[in-house]
K.L.:
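Can you read through this structure? Questions will come right after.
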Amino acid sequence: MNFPLYIAKRYLRSKSSQNAVNIINFITFLVIVIGSAALFIVLSAFAGLKTFSLQFTNTFDPDLKAIPATGKFFSISEEDEKVLSEINGVANYSKEIEDRVYLTFREKGDFAYIKGVDENYRSVTSIDSTLYFGNWGITEYNGIMGIGIYNSLGVPMNNYRTPMQVLAPKPGEGSFSPQSLNTKFYNDLPLVVSGVYAIEEGLDKKYVITQLHLVQELLEKDSTKVSAVNFKLDTTIPLEEVRSNIKNTLGDKVIVLSRRELNGTLYKMLNTENLATYLIFTLVLIIALFNVVGAIIMMILDKQQNSKTLFALGTTIKELRKIYFVQGILVTASGGLIGVLIGSALIGSQLAFEWLKITPSLAYPVEYDFMNVLVVLATILVLGLISSKIASSRITKKLITQ
């Protein structure tokens with residue numbers, strides 16, 4: 001057996017004759033366990049929050065989306081549609097057109113975006129899963145809206161007698177103003193609300209969704225004009241290959257974005273928060289692992305007579321340093337491993353029993369990711385290596401022989 005490892009394991013298991021040294025060693029080990037468990041739990045919690053936040057956009061955004069390179073609209077011909085439907089990897093696609101409009105019902109009004117979609121939209125996205133109540137209706141003048149707009153305007157469901165009015169400026173007449181609302185500088189569309197969706201606050205206050213041709217007529221656009229084309233992909237085909245084929249078909253008039261790129265700001269914010277949390281807890285661990293340095297130095301002083309004996313028997317200073325270096329690694333590695341196991345048990349219990357709640361019906365989201373296990377153990381080991389190296393370097397020939 002490796003001599004320094006053998007002695008280090010003996011020192012790790014044996015108790016010191018000084019009670020204070022035993023207490024310091026126990027506290028050091030406990031701090032490592034608690035620190036590593038806390039780091040793992042926080043990383044798992046942020047992973048859960050990230051998945052929870054992104055699930056809202058995943059239900060609303062497609063796998064790929066072609067948007068205009070310039071302006072708000074672009075044309076898509078029947079020939080383009082035929083080629084798109086034959087692209088290997090495109091399971092389905094949907095056209096949409098949207099613009100900012102003014103909604104009015106009785107004495108109430110609010111600005112929002114109207115989105116006209118074709119019959120494929122519901123199969124390309126998971127919008128059906130977001131319907132809070134109601135449905136898509138049975139007539140062409142039915143539509144759904146976000147629950148934020150619904151609460152703001154107080155529009156009754158299926159109100160065919162006095163439907164909500166959607167007002168859009170006529171092309172070339174500028175944007176909305178108090179003066180334009182009093183004159184006929186806008187087109188109007190009566191819309192009967194048949195359903196309400198609920199995703200997240202921003203989207204809930206943004207969209208009214210109805211049929212594509214109605215919005216094209218409202219905006220005075222022909223049937224080839226769209227704001228975007230949404231794509232649902234076959235997951236067996238590489239995304240970049242499909243993106244390239246779509247781009248080649250539609251040309252430079254569009255930009256093809258993935259779901260991640262459509263929500264780039266959100267992804268960046270979540271990743272930044274995750275990194276900041278990791279660095280803060282790593283700083284706490286760095287401070288905590290100063291205890292390892294202190295504990296090893298106390299052990300060196302406590303075992304000074306043993307070190308003298310080993311030195312007299314032929315053990316070199318380098319080997320003596322290695323003994324305490326290995327001891328420090330064993331302490332941090334075992335503490336980190338136990339901490340991760342405790343953290344894993346807590347995260348597993350939350351996933352299984354949902355004992356921590358945000359609301360009575362919503363459990364706090366967590367996610368068990370093996371990568372977080374590796375990150376925590378790697379962090380503990382690296383910090384343990386540094387602290388053990390610092391502490392073991394205190395052994396000198398002068399210290400042993402005095």
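These values consider heavy atoms only, across backbone and side chains, with no hydrogens, waters or symmetry-generated copies.
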K.L.:
Going by the rule ring pair (Phe, Tyr, Trp, His ring centres under 6.0 Å), which residues pair with F105 if we only count those two or more places apart in sequence or in a different chain?
P.N.:
none
K.L.:
Take E319 and K322, measure what salt bridge (Lys or Arg N to Asp or Glu O under 4.0 Å) needs, and give me the verdict at the end.
P.N.:
CA-CA 5 Å; E319 288 176 321; K322 193 173 181 181; over 6 Å; no
K.L.:
State, to 0.1 Å, how close N92 and S123 come at their nearest heavy-atom pair, and which atoms those are.
P.N.:
ND2-OG, 3.1 Å
K.L.:
When you compare the side chain of S334 with that of I32, does any pair of heavy atoms fall below 4.5 Å?
P.N.:
no
K.L.:
Is the CD1 atom of I138 crowded by more than 12 outside heavy atoms at less than 6.0 Å?
P.N.:
no
K.L.:
So does K95 pair up with D80, basic N to acidic O under 4.0 Å?
P.N.:
no
K.L.:
Give the table of side-chain donor-acceptor pairs shorter than 3.5 Å for residues 367-376, with sequence neighbours excluded, one pair per line with atom names and distance.
P.N.:
unit_1	atom_1	unit_2	atom_2	d
E367	OE1	T51	OG1	2.5
Y368	OH	S344	OG	3.2
D369	OD1	M371	N	3.0

K.L.:
So that I can tick it off, tell me whether E240 and R243 are bridged by a salt bridge, with the cut-off set at under 4.0 angstrom between side-chain N and carboxylate O.
P.N.:
yes
K.L.:
Below 4.5 Å, heavy atoms only, C-beta onward: do W355 and Q350 meet side chain to side chain?
P.N.:
yes
K.L.:
If you round to the nearest 0.5 Å, how far is NE2 of H213 from CD of E140?
P.N.:
4.5 Å
K.L.:
Under 3.5 Å, is there a donor-acceptor pair between the side chain of E241 and the main chain of S244?
P.N.:
no
K.L.:
Should the pair Y150 and F133 be assigned to parallel (<30°), tilted (30 to 60°) or perpendicular (>60°) ring geometry?
P.N.:
perpendicular
K.L.:
Are V90 and L84 packed together at the side-chain level, in the sense that at least one heavy-atom pair is separated by less than 4.5 angstrom?
P.N.:
no
K.L.:
Stepwise, does the side-chain contact (heavy atoms from CB on, under 4.5 Å) test hold for I296 with S388?
P.N.:
CA-CA 8 Å; I296 293 175; S388 300; 4.1 Å; yes
K.L.:
If you take all heavy atoms of A363 and E354, which pair is closest and at what distance?
P.N.:
CB-CB, 3.5 Å
K.L.:
Give, for atom CZ of F29 and atom CG of N291, the distance between the pair rounded to the nearest 0.5 Å.
P.N.:
13.5 Å
K.L.:
Please report the closest heavy-atom contact between F325 and K389, naming both atoms and the distance.
P.N.:
CD1-N, 3.6 Å
K.L.:
Main chain of R122, side chain of T125: is a donor-acceptor contact present, judged purely on distance under 3.5 Å?
P.N.:
no
K.L.:
Looking only at non-hydrogen atoms, find the nearest pair between A168 and L218 and report the distance.
P.N.:
CB-CG, 3.8 Å
K.L.:
What distance do E119 atom CD and S94 atom OG have between them, rounded to the nearest 0.5 Å?
P.N.:
8.0 Å
K.L.:
Does CG belonging to D252 count more than 12 external heavy atoms closer than 6.0 Å?
P.N.:
no
K.L.:
Can you tell me how far apart CD (E261) and CD1 (I67) are? Round to the nearest 0.5 Å.
P.N.:
9.5 Å
K.L.:
Just to verify, which of V193, I144, L191 counts as forming a side chain to side chain contact (heavy atoms under 4.5 Å, CB included) with V208?
P.N.:
L191
K.L.:
If you define the side chain from C-beta out and look only at heavy atoms, does anything of I127 sit under 4.5 Å from W136?
P.N.:
yes
K.L.:
Is there a donor-acceptor pair under 3.5 Å between the side chain of Y121 and the backbone N or O of L212?
P.N.:
no
K.L.:
State whether the number of non-hydrogen atoms from other residues, nucleotides or ligands found under 6.0 Å of Y160 atom OH is greater than 12.
P.N.:
yes
K.L.:
Does atom OH of Y267 have more than 12 heavy-atom neighbours from other groups under 6.0 Å away?
P.N.:
yes
K.L.:
For K247, is the NZ atom crowded, meaning more than 12 foreign heavy atoms sit under 6.0 Å from it?
P.N.:
yes
K.L.:
Please check if the number of heavy atoms outside E78 that lie under 6.0 Å from its CD is greater than 12.
P.N.:
no
K.L.:
Any sub-3.5 Å donor-acceptor pair from D63's side-chain atoms to L233's backbone N or O?
P.N.:
yes
K.L.:
Quick check against the 3.5 Å criterion: does E220 have a side-chain atom that pairs as donor or acceptor with the backbone of K170?
P.N.:
no
K.L.:
Checking the side chain of D204 only, and the main-chain atoms of G146 only, is there a donor and an acceptor separated by less than 3.5 Å?
P.N.:
no
K.L.:
Check whether S194 reaches the backbone of N135 with its side chain - one donor and one acceptor, N or O, closer than 3.5 Å.
P.N.:
yes
K.L.:
Could you check whether atom CD of E201 has more than 12 heavy atoms from other residues, nucleotides or ligands sitting under 6.0 Å from it?
P.N.:
no
K.L.:
Of all residues at least two apart in sequence or in a different chain, which pass the side chain to side chain donor-acceptor pair (under 3.5 Å) check with Q165?
P.N.:
none
K.L.:
Can you tell me how far CG of L337 sits from CD1 of I380, rounded to the nearest 0.5 angstrom?
P.N.:
11.0 Å
K.L.:
Could K115 and Y207 be counted as a cation-pi pair, given that NZ or CZ must be under 6.0 Å from the ring centre and within 45° of the axis?
P.N.:
yes
K.L.:
Around atom NZ of K357, are there more than 12 heavy atoms from other residues, nucleotides or ligands closer than 6.0 Å?
P.N.:
yes
K.L.:
Between T59, L49, D61, L266, which is the residue that forms a side chain to side chain contact (heavy atoms under 4.5 Å, CB included) with L54?
P.N.:
L266
K.L.:
Checking N274 side chain against L270 main chain: does a donor-acceptor pair fall under 3.5 Å?
P.N.:
no
K.L.:
Atom CG of L219 and atom CD of E98: how far apart are they, to the nearest 0.5 Å?
P.N.:
10.0 Å
K.L.:
Considering only heavy atoms from C-beta outward, does the side chain of L383 approach that of T332 to under 4.5 Å?
P.N.:
no
K.L.:
So, N142 versus T139: side-chain donor-acceptor pair below 3.5 Å or not?
P.N.:
yes
K.L.:
K65 side chain to A228 main-chain N or O, any donor-acceptor pair under 3.5 Å?
P.N.:
no
K.L.:
For the side chain of S152 and the backbone of G148, is there at least one donor-acceptor N/O pair under 3.5 Å apart?
P.N.:
no
K.L.:
Can you find a heavy atom in the side chain of F40 that is under 4.5 Å from one in the side chain of L346?
P.N.:
no
